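Structure record follows, encoded as structure tokens.
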Protein chains: 4
Amino acid sequence: MALTTEQRVRRAAVKLFAAKGFHGTGIRDLAQAAKISPASLYHYMGTKEDLLAAIMRECLDRLLLAARQTLDTVDDPAGQLSALVTLHVMAHAAQPAETRVVDNEVGALSRGRRRVVVGLRDEYEAIWAGAIEKGVSAGVFDVPEPAVTRLALLEMCTGVARWYSPRGALSLDGLADRYAQLALRMLGGPPTGGETAAERAREVATRVWRIRP
Amino acid sequence: MALTTEQRVRRAAVKLFAAKGFHGTGIRDLAQAAKISPASLYHYMGTKEDLLAAIMRECLDRLLLAARQTLDTVDDPAGQLSALVTLHVMAHAAQPAETRVVDNEVGALSRGRRRVVVGLRDEYEAIWAGAIEKGVSAGVFDVPEPAVTRLALLEMCTGVARWYSPRGALSLDGLADRYAQLALRMLGGPPTGGETAAERAREVATRVWRIRP
Amino acid sequence: MALTTEQRVRRAAVKLFAAKGFHGTGIRDLAQAAKISPASLYHYMGTKEDLLAAIMRECLDRLLLAARQTLDTVDDPAGQLSALVTLHVMAHAAQPAETRVVDNEVGALSRGRRRVVVGLRDEYEAIWAGAIEKGVSAGVFDVPEPAVTRLALLEMCTGVARWYSPRGALSLDGLADRYAQLALRMLGGPPTGGETAAERAREVATRVWRIRP
Amino acid sequence: MALTTEQRVRRAAVKLFAAKGFHGTGIRDLAQAAKISPASLYHYMGTKEDLLAAIMRECLDRLLLAARQTLDTVDDPAGQLSALVTLHVMAHAAQPAETRVVDNEVGALSRGRRRVVVGLRDEYEAIWAGAIEKGVSAGVFDVPEPAVTRLALLEMCTGVARWYSPRGALSLDGLADRYAQLALRMLGGPPTGGETAAERAREVATRVWRIRP
DNA sequence: CATGAATGAGGGTTCATTCAT
DNA sequence: GATGAATGAACCCTCATTCAT
């Protein structure tokens, strides 16, 4: 099925913002990539910044949605962490451009919009913090500095967007598995556990980010 | 001691490129931050891109230098990894602006310059790859996918530049310790080991990045 | 009775051109004020300039018509002047937007159209000039520089469109009376006279500009 | 003496804003008329609106200054009115472009700036109102509606900017004389009087607007 | 009749850079 | 060594207008 113009614009923006940055991407670049005239762009977006904000908004909304949907059905801390890592890694591997825009271009937003985006990101991190805290309280995790460990984990998983290629040796699922294992090691948790939760996370991820199996 | 104009220019550039990106930083912003006129800037730099390239170059050179100097005196894989993590984390925590420029603005370089920078980065990663490989060969590390683990480790450590604040609870040394421990856990290595090498790395870092203890 | 779309467009244009000027009014402003889409505007007008020209044309045509109809039945110079002032003032007070467009936006017309409009205005001024000349010849008016006085009179009366408000103390008729008196004073004419002609002018004005008494 | 670039810019703006309106004048028109590049314009002005505001500001400031300086030395109402008319007419005849900009482009200013300009204009009109009031109180003027008469007078005098040409039959002084006479007639004042004040006004005008005799 | 989609031209403004002083 | 003046190119965005539906 052919893409609508609006979809072409969105995809061009995601691709270019990820590759050259928001300020490095001109309206003419955008138009060329979307195969319309610069003036026509403005039928499909407000300002360039509106477009950036919409991209970020949707990306974060999906991540939050996925995390909440998944954790609703998982109770044990190791499972929750496995699920969160799985989701995060799959999201960043499947949508590296979108997630890089979210991670790198927050500074290009105006104050008000930045506040919204940072707010969403904080909500999302709070979910991770809660899961880690739970595991520590239950004695499942051995973590001297939960906040540091949370940030280390998140940066590690987010980094996937900067290097993963689907043409490499590892499948999306394999990658997520590997990362879940690394995470549990970092948390000093049991060497296994959380496979069911990870499975559930893979299902949610497949749906939310339309990953073809 | 007062800073020279050249130093003021360099620091302004590092700060602004890190905060707003290369394309988001104008020559006038730079001049204002360095407290000279836009025209005078050009007595202390070539083009804006020259300035960016010089910043990256120096940052990567120092990291490479530090890594080589340290590994020269360390032989065991756990020690080498501890040392690399310590150096990398301290560099990124002590110079978050410089390192973020290196990480985020590679795409703003012209092709030729990008090649040089990517080359340096590859050299640096090769050092990490070597250390991991050595540990795997020696049976000290338990790592199914060395390349994936290397990238996970690097992203985790690099991420420090995006959140660490010296005003927080953790000292630079404490942070580096914690990260070294996380790294060894990820590698499935011995729970301890490498303390001497980390100590050596801290010394080198203190010298190379002029960290006051 | 509801307005036709064409009338809504015309009125929107008059209002906006008067308030923000021809160049300050966009096609989208026009469409919004007329409550149709920008594209639909073009079913009710030619180009934006066509619309401007039509507005000017009609406004000047009515003024000329009113002046001619009135002067046809008045012979004495004082009466003629009183009638002209009455008509001009009532037209400008009752239709300030239209007349301001005529006065201010002549420069926005293309050369050919400007010539037409200026031609109509010249015809109209010639009527004033004739009346003044007649009074001077008859010894009724004491005017050293007829041309200067004519222009002073006209500017004075035209200015009404820039300040008169029907919500103020003066009625349209009262205003016109006052101005007729001022005009006769300026012309050094008899302190009274021309009341009948002014009465006739009020009747014509009421009809031509649909003024409700 | 050659004009500075800043003066060329100012004059080009006055000329073009008067001829084609603020919105009808492009930045490129301005640059061409000032014989510099569009980019260079911005060394001599802030925004286009800043330029407009500065022009209006100066024009109104001078008018106020002239009025105050002149009235300081004149006490009788007929003299004051003669002086005000003389100044106003000479200002508008000598600087038709500037004054037309002030009169026609107030609507192009942003709210805050418009307030300032309207405030100055109100101050100026208050001076006229005071003089008329004084004459009415003293029984020198016969004016049923002082406010209406004031506005009629002002519009009449302002109109000079729309038609007077120094190449015509009337000199500036002659024009001002004629208008002062018309004004006294309108006010029902004495047929003569105020010659000394008018003389004083001509002197001030000559100085303030650098009129060559 | 009505309009979403489309666009070339141009809007005002800022860009990085040069150079005479 | 320092900078005001200058500019071509490009910036984001809006313009008036057309046309297929």
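This is a predicted model, so every value here is computed, not measured. Order of the sequence lines sets the chain letters (A, B, ...), proteins ahead of strands, with each chain counted from 1.
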Integer-rounded Å distance: [N] [atom2] and [X] [atom1]:
{"X": "A:Q32", "N": "F:dA10", "atom1": "CD", "atom2": "P", "answer": "13 Å"}
{"X": "D:I27", "N": "E:dG10", "atom1": "CD1", "atom2": "C1'", "answer": "12 Å"}
{"X": "A:Y42", "N": "F:dA16", "atom1": "OH", "atom2": "C1'", "answer": "18 Å"}
{"X": "C:F22", "N": "F:dA16", "atom1": "CZ", "atom2": "C1'", "answer": "10 Å"}
{"X": "A:I36", "N": "F:dC13", "atom1": "CD1", "atom2": "P", "answer": "14 Å"}
{"X": "C:L30", "N": "F:dC15", "atom1": "CG", "atom2": "P", "answer": "12 Å"}
{"X": "D:K35", "N": "F:dT7", "atom1": "NZ", "atom2": "P", "answer": "13 Å"}
{"X": "D:D29", "N": "E:dT13", "atom1": "CG", "atom2": "P", "answer": "14 Å"}

Taking 4.0 Å as the cut-off, does a side-chain nitrogen or oxygen of [X] come that near to OP1 or OP2 on [N]?
{"X": "A:S37", "N": "E:dT7", "result": "yes"}
{"X": "D:S40", "N": "F:dT7", "result": "yes"}
{"X": "A:R28", "N": "F:dC11", "result": "yes"}
{"X": "C:Y44", "N": "E:dA2", "result": "yes"}

> Atom CZ of C:R121 and atom CG of C:D103: how far apart are they, to the nearest 0.5 Å?
Replying inline: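 C:R121 CZ to C:D103 CG: 8.0 Å, rounded to 0.5 Å.
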
> Mapping A:T25 and B:L41 to their closest nucleotides on DNA chain F, which lands nearer the 5' end?
Replying inline: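 Here B:L41 is the residue nearer the 5' end.
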
So, [X] and [Y], do they make that salt bridge, N to O below 4.0 Å?
{"X": "B:R115", "Y": "B:D122", "result": "no"}
{"X": "D:R62", "Y": "D:E58", "result": "yes"}
{"X": "A:R113", "Y": "A:D50", "result": "yes"}

>> Just to be sure I follow the notation: if a pair is Watson-Crick (purine N1 to pyrimidine N3 plus N6-O4 or O6-N4) or a G-U wobble (N1-O2 and O6-N3), each under 3.5 Å, what dot-bracket string does DNA chain F give, with | for pairs to another strand?
In response: .||||||||||||||||||||

> Among the nucleotides F:dT3, E:dT13, F:dT18, which one has an atom lying closest to any side-chain atom of C:A39?
Replying inline: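 Output: F:dT18.
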
> To the side chain of C:H43, which of E:dA2, F:dT14, E:dT7 is closest?
Replying inline: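 Per side-chain heavy atoms of C:H43, the pick is E:dA2.
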
> Within the structure shown, what part of the strands sits under 4.0 Å from A:T4 by heavy-atom distance: base, sugar-phosphate, or nothing?
Replying inline: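 Counting heavy atoms under 4.0 Å across all strands, no contact is made by A:T4.
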
>> Classify A:T47 by what it touches in the nucleic acid, base, sugar-phosphate, or nothing, heavy-atom distance under 4.0 Å.
In response: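 Sugar-phosphate: the residue A:T47, judged by heavy atoms under 4.0 Å, touches backbone atoms but no base.
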
> With distance as the sole test, does C:D29 use its side chain to make a donor-acceptor pair with the main-chain N or O of C:G26 at under 3.5 Å?
Replying inline: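 Checking the backbone N and O of C:G26 against the side chain of C:D29, a donor-acceptor pair under 3.5 Å is found.
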
> How close do D:K48 and D:F17 get, heavy atom to heavy atom, and via which atoms?
Replying inline: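 The pair with the smallest heavy-atom distance is CG-CZ, 4.1 Å.
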
> Looking at B:G21 and B:E105, what are the two nearest heavy atoms and their distance?
Replying inline: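 Where B:G21 meets B:E105 most closely, the heavy atoms are CA-OE2, 3.3 Å.
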
>> Taking atom CD as the centre, does B:E49 end up with more than 12 heavy-atom neighbours from other residues, nucleotides or ligands that are less than 6.0 angstrom away?
In response: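 Yes, enclosed.
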
>> On DNA chain E, compare the nucleotides closest to A:P38 and B:K48; which residue's is nearer the 5' end?
In response: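 That would be A:P38.
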
>> Need to verify one output field. Residue with the more 5' nearest nucleotide on DNA chain E, B:G46 or A:T5?
In response: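 Nearest-nucleotide comparison on DNA chain E picks A:T5.
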
